[in-house]
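These notes concern the structure reproduced below.
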Protein chains: 2
Amino acid sequence: MEDATQRLGYRVKRAAAALRGALDRALREHDLTVPQYACLELLDQRPGLSNAELARGTFVTRQSMNTVLRGLQDSGLITRPAAADHGRALPAHLTEQGRRRLDAARSAVYAVDQRMTDAVPPERLADLLADLDRMAAAFER
Amino acid sequence: MEDATQRLGYRVKRAAAALRGALDRALREHDLTVPQYACLELLDQRPGLSNAELARGTFVTRQSMNTVLRGLQDSGLITRPAAADHGRALPAHLTEQGRRRLDAARSAVYAVDQRMTDAVPPERLADLLADLDRMAAAFER
DNA sequence: GCGGGTATGTCAAACTCCTGACATGGAGGA
DNA sequence: TCCTCCATGTCAGGAGTTTGACATACCCGC
(Lines give C-alpha, C1' and ligand atoms only; values in the text may rest on other atoms or scores of the structure.)
Protein backbone atom coordinates (compact mmCIF):
# COMPACT_ATOMS: atom_id res chain seq x y z
CA MET A 1 0.00 0.00 0.00
CA GLU A 2 2.75 2.42 -0.78
CA ASP A 3 0.95 3.98 -3.73
CA ALA A 4 -1.16 6.81 -2.37
CA THR A 5 -3.60 6.53 -5.27
CA GLN A 6 -4.60 3.11 -3.95
CA ARG A 7 -5.80 4.51 -0.67
CA LEU A 8 -9.42 5.02 0.18
CA GLY A 9 -9.04 8.75 0.75
CA TYR A 10 -7.73 9.32 -2.74
CA ARG A 11 -10.63 7.47 -4.30
CA VAL A 12 -13.17 9.40 -2.27
CA LYS A 13 -11.52 12.64 -3.25
CA ARG A 14 -11.54 11.71 -6.90
CA ALA A 15 -15.18 10.66 -6.90
CA ALA A 16 -16.15 13.83 -5.07
CA ALA A 17 -14.16 15.99 -7.47
CA ALA A 18 -15.82 14.37 -10.47
CA LEU A 19 -19.23 14.86 -8.91
CA ARG A 20 -18.53 18.45 -8.01
CA GLY A 21 -17.40 19.24 -11.52
CA ALA A 22 -20.48 17.66 -13.08
CA LEU A 23 -22.75 19.52 -10.69
CA ASP A 24 -21.02 22.82 -11.40
CA ARG A 25 -21.55 22.38 -15.11
CA ALA A 26 -25.14 21.27 -14.69
CA LEU A 27 -26.07 24.12 -12.36
CA ARG A 28 -24.35 26.86 -14.32
CA GLU A 29 -27.18 27.01 -16.85
CA HIS A 30 -29.55 27.63 -13.97
CA ASP A 31 -27.38 30.38 -12.49
CA LEU A 32 -26.85 28.51 -9.24
CA THR A 33 -23.75 27.38 -7.43
CA VAL A 34 -23.58 24.04 -5.64
CA PRO A 35 -23.94 25.56 -2.15
CA GLN A 36 -26.83 27.71 -3.36
CA TYR A 37 -28.63 24.69 -4.77
CA ALA A 38 -27.94 22.62 -1.65
CA CYS A 39 -29.36 25.43 0.44
CA LEU A 40 -32.56 25.69 -1.63
CA GLU A 41 -33.04 21.93 -1.59
CA LEU A 42 -32.62 21.75 2.16
CA LEU A 43 -34.96 24.68 2.65
CA ASP A 44 -37.60 23.04 0.49
CA GLN A 45 -37.57 19.90 2.59
CA ARG A 46 -37.32 21.63 5.93
CA PRO A 47 -38.67 25.19 5.74
CA GLY A 48 -37.68 27.57 8.49
CA LEU A 49 -34.13 26.36 8.98
CA SER A 50 -31.70 28.94 10.37
CA ASN A 51 -28.39 30.00 8.92
CA ALA A 52 -26.37 27.80 11.27
CA GLU A 53 -28.57 24.78 10.65
CA LEU A 54 -28.26 25.22 6.89
CA ALA A 55 -24.51 25.53 7.24
CA ARG A 56 -24.28 22.23 9.09
CA GLY A 57 -26.56 20.56 6.56
CA THR A 58 -24.46 21.63 3.61
CA PHE A 59 -21.01 21.16 5.19
CA VAL A 60 -19.86 24.77 5.08
CA THR A 61 -19.23 27.29 7.82
CA ARG A 62 -21.86 29.66 9.17
CA GLN A 63 -20.01 32.53 7.55
CA SER A 64 -20.08 30.98 4.11
CA MET A 65 -23.73 30.10 4.41
CA ASN A 66 -24.41 33.64 5.54
CA THR A 67 -23.07 35.05 2.28
CA VAL A 68 -24.91 32.36 0.32
CA LEU A 69 -28.16 33.28 2.05
CA ARG A 70 -27.60 36.94 1.42
CA GLY A 71 -27.11 36.27 -2.27
CA LEU A 72 -30.24 34.15 -2.45
CA GLN A 73 -32.12 36.84 -0.56
CA ASP A 74 -30.93 39.55 -2.94
CA SER A 75 -32.02 37.37 -5.86
CA GLY A 76 -35.45 37.02 -4.32
CA LEU A 77 -35.27 33.26 -3.97
CA ILE A 78 -35.65 33.15 -0.19
CA THR A 79 -36.99 35.36 2.57
CA ARG A 80 -35.78 35.91 6.10
CA PRO A 81 -37.39 38.00 8.83
CA ALA A 82 -35.43 41.09 9.81
CA ALA A 83 -35.59 40.21 13.51
CA ALA A 84 -35.99 37.00 15.43
CA ASP A 85 -38.98 36.54 17.71
CA HIS A 86 -37.21 33.90 19.77
CA GLY A 87 -33.46 33.76 20.17
CA ARG A 88 -31.26 34.96 17.34
CA ALA A 89 -31.99 32.30 14.74
CA LEU A 90 -33.65 33.74 11.63
CA PRO A 91 -35.86 31.13 9.93
CA ALA A 92 -35.50 31.17 6.15
CA HIS A 93 -38.20 30.24 3.65
CA LEU A 94 -38.35 29.74 -0.10
CA THR A 95 -40.22 32.31 -2.14
CA GLU A 96 -42.42 31.26 -5.02
CA GLN A 97 -39.62 32.26 -7.37
CA GLY A 98 -37.16 30.23 -5.34
CA ARG A 99 -39.37 27.19 -5.60
CA ARG A 100 -39.59 27.56 -9.36
CA ARG A 101 -35.83 27.96 -9.72
CA LEU A 102 -35.27 24.91 -7.55
CA ASP A 103 -37.71 22.83 -9.58
CA ALA A 104 -35.91 23.81 -12.78
CA ALA A 105 -32.46 22.98 -11.40
CA ARG A 106 -33.53 19.82 -9.66
CA SER A 107 -33.96 17.79 -12.82
CA ALA A 108 -30.43 18.64 -13.93
CA VAL A 109 -29.02 17.69 -10.54
CA TYR A 110 -31.02 14.50 -10.40
CA ALA A 111 -29.69 13.51 -13.82
CA VAL A 112 -26.14 13.89 -12.55
CA ASP A 113 -26.93 11.88 -9.44
CA GLN A 114 -28.63 9.18 -11.48
CA ARG A 115 -25.68 8.94 -13.82
CA MET A 116 -23.42 8.32 -10.85
CA THR A 117 -25.87 5.87 -9.27
CA ASP A 118 -26.18 3.91 -12.50
CA ALA A 119 -22.42 3.40 -12.51
CA VAL A 120 -22.54 1.12 -9.46
CA PRO A 121 -24.00 -2.37 -9.56
CA PRO A 122 -27.53 -2.08 -8.13
CA GLU A 123 -27.09 -4.94 -5.68
CA ARG A 124 -24.21 -3.04 -4.06
CA LEU A 125 -25.91 0.35 -3.77
CA ALA A 126 -27.27 -0.16 -0.27
CA ASP A 127 -23.91 -1.33 1.05
CA LEU A 128 -22.20 1.58 -0.65
CA LEU A 129 -24.50 4.12 0.98
CA ALA A 130 -23.98 2.49 4.35
CA ASP A 131 -20.21 2.51 3.94
CA LEU A 132 -20.20 6.18 2.97
CA ASP A 133 -22.18 6.91 6.12
CA ARG A 134 -19.69 4.99 8.23
CA MET A 135 -16.79 6.87 6.72
CA ALA A 136 -18.42 10.20 7.46
CA ALA A 137 -19.31 9.12 10.97
CA ALA A 138 -15.72 8.05 11.63
CA PHE A 139 -14.71 11.71 11.80
CA GLU A 140 -17.49 13.10 13.91
CA ARG A 141 -16.78 14.15 17.40
CA MET B 1 -36.44 8.95 -3.19
CA GLU B 2 -37.77 12.43 -2.59
CA ASP B 3 -35.40 13.13 0.29
CA ALA B 4 -32.23 14.56 -1.21
CA THR B 5 -30.17 13.37 1.75
CA GLN B 6 -30.89 9.80 0.66
CA ARG B 7 -29.24 10.27 -2.70
CA LEU B 8 -25.80 8.99 -3.50
CA GLY B 9 -24.40 12.43 -4.32
CA TYR B 10 -25.25 13.75 -0.89
CA ARG B 11 -23.52 10.84 0.83
CA VAL B 12 -20.40 11.23 -1.27
CA LYS B 13 -20.32 14.92 -0.51
CA ARG B 14 -20.70 14.31 3.19
CA ALA B 15 -17.97 11.69 3.32
CA ALA B 16 -15.64 13.92 1.30
CA ALA B 17 -16.36 16.89 3.54
CA ALA B 18 -15.59 14.87 6.65
CA LEU B 19 -12.38 13.61 5.12
CA ARG B 20 -11.33 17.05 3.98
CA GLY B 21 -11.90 18.49 7.44
CA ALA B 22 -9.92 15.75 9.11
CA LEU B 23 -7.06 16.17 6.65
CA ASP B 24 -7.02 19.93 7.14
CA ARG B 25 -6.70 19.52 10.88
CA ALA B 26 -4.07 16.81 10.59
CA LEU B 27 -1.94 18.75 8.11
CA ARG B 28 -2.13 22.08 9.89
CA GLU B 29 0.45 21.03 12.45
CA HIS B 30 2.80 20.29 9.58
CA ASP B 31 2.15 23.66 7.93
CA LEU B 32 0.77 22.08 4.79
CA THR B 33 -2.54 22.42 3.00
CA VAL B 34 -4.28 19.46 1.41
CA PRO B 35 -3.30 20.43 -2.16
CA GLN B 36 0.27 21.03 -1.02
CA TYR B 37 0.47 17.61 0.56
CA ALA B 38 -1.15 15.95 -2.45
CA CYS B 39 1.39 17.66 -4.66
CA LEU B 40 4.34 16.50 -2.58
CA GLU B 41 3.02 12.96 -2.41
CA LEU B 42 2.51 12.79 -6.15
CA LEU B 43 5.94 14.25 -6.75
CA ASP B 44 7.52 11.69 -4.47
CA GLN B 45 6.00 8.83 -6.41
CA ARG B 46 6.54 10.31 -9.83
CA PRO B 47 9.41 12.80 -9.81
CA GLY B 48 9.62 15.23 -12.69
CA LEU B 49 5.91 15.80 -13.15
CA SER B 50 4.95 19.13 -14.71
CA ASN B 51 2.53 21.69 -13.35
CA ALA B 52 -0.31 20.57 -15.61
CA GLU B 53 0.24 16.91 -14.79
CA LEU B 54 0.21 17.65 -11.08
CA ALA B 55 -2.99 19.65 -11.49
CA ARG B 56 -4.74 16.75 -13.16
CA GLY B 57 -3.47 14.35 -10.52
CA THR B 58 -4.81 16.42 -7.67
CA PHE B 59 -8.09 17.53 -9.26
CA VAL B 60 -7.41 21.24 -9.35
CA THR B 61 -6.84 23.65 -12.21
CA ARG B 62 -3.42 24.42 -13.66
CA GLN B 63 -3.68 27.90 -12.22
CA SER B 64 -4.29 26.66 -8.70
CA MET B 65 -1.46 24.20 -8.92
CA ASN B 66 0.77 26.94 -10.22
CA THR B 67 0.29 28.98 -7.04
CA VAL B 68 0.69 25.85 -4.94
CA LEU B 69 3.97 25.05 -6.68
CA ARG B 70 5.21 28.59 -6.25
CA GLY B 71 4.51 28.41 -2.54
CA LEU B 72 6.28 25.08 -2.22
CA GLN B 73 9.17 26.47 -4.21
CA ASP B 74 9.43 29.55 -1.99
CA SER B 75 9.42 27.28 1.05
CA GLY B 76 12.27 25.28 -0.44
CA LEU B 77 10.33 22.03 -0.60
CA ILE B 78 10.56 21.59 -4.35
CA THR B 79 12.74 22.78 -7.21
CA ARG B 80 11.87 23.64 -10.77
CA PRO B 81 14.23 24.59 -13.56
CA ALA B 82 13.92 28.18 -14.72
CA ALA B 83 13.62 27.14 -18.36
CA ALA B 84 12.46 24.01 -20.11
CA ASP B 85 14.85 22.13 -22.32
CA HIS B 86 12.06 20.41 -24.17
CA GLY B 87 8.64 22.01 -24.64
CA ARG B 88 7.27 24.28 -21.97
CA ALA B 89 6.70 21.74 -19.21
CA LEU B 90 8.89 22.40 -16.18
CA PRO B 91 9.65 19.14 -14.34
CA ALA B 92 9.40 19.55 -10.56
CA HIS B 93 11.39 17.60 -8.00
CA LEU B 94 11.35 17.29 -4.23
CA THR B 95 14.22 18.79 -2.31
CA GLU B 96 15.72 16.98 0.66
CA GLN B 97 13.76 19.30 2.91
CA GLY B 98 10.61 18.56 0.94
CA ARG B 99 11.15 14.85 1.40
CA ARG B 100 11.56 15.28 5.14
CA ARG B 101 8.43 17.41 5.41
CA LEU B 102 6.48 14.85 3.41
CA ASP B 103 7.68 12.00 5.59
CA ALA B 104 6.58 13.88 8.70
CA ALA B 105 3.15 14.69 7.32
CA ARG B 106 2.57 11.31 5.77
CA SER B 107 2.06 9.50 9.05
CA ALA B 108 -0.64 11.97 10.06
CA VAL B 109 -2.39 11.60 6.71
CA TYR B 110 -2.12 7.84 6.79
CA ALA B 111 -3.70 7.80 10.24
CA VAL B 112 -6.68 9.72 8.91
CA ASP B 113 -6.97 7.38 5.94
CA GLN B 114 -6.71 4.35 8.16
CA ARG B 115 -9.38 5.67 10.47
CA MET B 116 -11.73 5.97 7.52
CA THR B 117 -10.73 2.59 6.14
CA ASP B 118 -11.33 0.92 9.49
CA ALA B 119 -14.88 2.23 9.48
CA VAL B 120 -15.90 0.01 6.58
CA PRO B 121 -16.25 -3.78 6.92
CA PRO B 122 -13.04 -5.27 5.51
CA GLU B 123 -14.83 -7.73 3.24
CA ARG B 124 -16.47 -4.80 1.46
CA LEU B 125 -13.39 -2.65 0.99
CA ALA B 126 -12.48 -3.95 -2.46
CA ASP B 127 -16.01 -3.46 -3.77
CA LEU B 128 -16.11 0.01 -2.25
CA LEU B 129 -12.91 1.06 -3.99
CA ALA B 130 -14.17 -0.33 -7.28
CA ASP B 131 -17.49 1.47 -6.98
CA LEU B 132 -15.80 4.76 -6.19
CA ASP B 133 -13.75 4.31 -9.33
CA ARG B 134 -16.86 3.63 -11.36
CA MET B 135 -18.52 6.75 -10.03
CA ALA B 136 -15.54 8.89 -10.95
CA ALA B 137 -15.31 7.28 -14.38
CA ALA B 138 -18.98 7.99 -15.00
CA PHE B 139 -18.16 11.67 -15.44
CA GLU B 140 -15.09 11.44 -17.58
CA ARG B 141 -15.27 12.42 -21.16
C1' DG C 1 8.04 23.59 -45.25
C1' DC C 2 3.93 25.01 -42.86
C1' DG C 3 -0.45 25.83 -40.75
C1' DG C 4 -3.98 24.10 -37.70
C1' DG C 5 -4.64 21.71 -33.47
C1' DT C 6 -3.17 20.74 -28.94
C1' DA C 7 -0.80 21.38 -24.59
C1' DT C 8 1.62 24.17 -21.50
C1' DG C 9 2.84 28.13 -18.21
C1' DT C 10 1.31 32.39 -16.68
C1' DC C 11 -1.30 36.70 -15.74
C1' DA C 12 -5.48 39.22 -14.08
C1' DA C 13 -9.82 39.59 -11.87
C1' DA C 14 -13.57 37.74 -9.48
C1' DC C 15 -15.53 34.70 -6.49
C1' DT C 16 -15.87 31.46 -2.73
C1' DC C 17 -14.60 29.93 1.51
C1' DC C 18 -12.22 29.96 5.77
C1' DT C 19 -10.13 31.64 10.32
C1' DG C 20 -10.56 34.81 13.97
C1' DA C 21 -13.28 37.75 16.46
C1' DC C 22 -17.18 40.11 18.63
C1' DA C 23 -21.89 41.00 20.47
C1' DT C 24 -26.38 39.18 21.40
C1' DG C 25 -29.80 35.86 23.30
C1' DG C 26 -31.18 31.66 25.82
C1' DA C 27 -30.50 27.66 29.17
C1' DG C 28 -29.16 25.78 33.40
C1' DG C 29 -26.82 25.62 37.87
C1' DA C 30 -25.10 27.97 42.19
C1' DT D 1 -31.31 36.28 41.05
C1' DC D 2 -27.00 36.04 38.92
C1' DC D 3 -23.64 34.12 36.14
C1' DT D 4 -21.35 30.87 33.46
C1' DC D 5 -21.75 28.33 29.27
C1' DC D 6 -23.34 27.60 24.72
C1' DA D 7 -25.37 28.78 20.21
C1' DT D 8 -26.29 32.15 16.90
C1' DG D 9 -25.59 36.09 13.43
C1' DT D 10 -22.33 39.06 11.68
C1' DC D 11 -18.00 41.70 10.55
C1' DA D 12 -13.16 41.98 8.92
C1' DG D 13 -9.27 40.02 6.83
C1' DG D 14 -6.94 36.77 4.22
C1' DA D 15 -6.10 32.51 1.80
C1' DG D 16 -7.35 29.50 -1.93
C1' DT D 17 -9.65 28.53 -6.22
C1' DT D 18 -11.85 29.41 -10.35
C1' DT D 19 -12.89 31.49 -15.05
C1' DG D 20 -11.07 33.84 -18.93
C1' DA D 21 -7.38 35.07 -21.54
C1' DC D 22 -2.83 35.21 -23.79
C1' DA D 23 1.73 33.78 -25.59
C1' DT D 24 4.71 30.04 -26.45
C1' DA D 25 6.16 25.35 -27.98
C1' DC D 26 5.42 20.79 -29.87
C1' DC D 27 2.92 17.50 -33.13
C1' DC D 28 0.99 15.99 -37.34
C1' DG D 29 -1.19 15.96 -41.74
C1' DC D 30 -1.03 18.47 -46.02
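In what follows, every chain begins at residue 1, and chains take the letters A, B, ... in the order their sequences are listed.
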What's the CZ-P distance between A:Arg70 and D:dG9, to the nearest Å? 12 Å

For A:Ala138, does its backbone N or O pair with a side-chain atom of B:Arg115 as donor and acceptor, under 3.5 Å? yes

Tell me: CZ of B:Phe59 to P of D:dT18, nearest whole Å? 12 Å

For nucleotides 19-22 of chain C, which of its nitrogen or oxygen atoms have a protein nitrogen or oxygen under 3.5 Å away, and what is each distance?
unit_1	atom_1	unit_2	atom_2	d
C:dG20	O6	A:Gln63	NE2	2.7

Describe the nucleic acid contact of A:Thr67 in one word from base, sugar-phosphate, nothing, applying a heavy-atom distance below 4.0 Å. nothing

When you measure from the side chain of B:Asp131 to the backbone N and O of A:Val120, does any donor-acceptor pair fall under 3.5 Å? no

Under a 4.0 Å threshold between the charged nitrogen and the carboxylate oxygen, would A:Arg100 count as salt-bridged to A:Asp103? no

Please pick, from D:dG9, C:dC17, C:dT10, the nucleotide with the shortest atom-to-atom distance to any side-chain atom of B:Asn66. C:dT10

Nearest heavy atom decides the nucleotide; on that basis, is B:Ser50 or A:Pro35 closer to the 5' end of DNA chain C? B:Ser50

I'd like to know if B:Met116 and A:Leu132 are part of one continuous hydrophobic network [Ile/Leu/Val/Met/Phe/Trp/Tyr, side-chain heavy atoms within less than 4.5 Å]. yes

Candidate nucleotides C:dC18, C:dT10, D:dT10, ranked by approach to the side chain of B:Asn51 - the nearest: C:dT10

Side-chain (B:Arg11) to main-chain (B:Thr5) donor-acceptor, under 3.5 angstrom: yes

Pairing donors with acceptors under 3.5 angstrom, does anything connect the side chains of A:Tyr110 and B:Arg7? yes

Could you state the CG-P distance from B:Leu54 to C:dT10, rounded to the nearest angstrom? 12 Å

Whole-Å distance between D:dA7 P and A:Leu90 CG? 18 Å

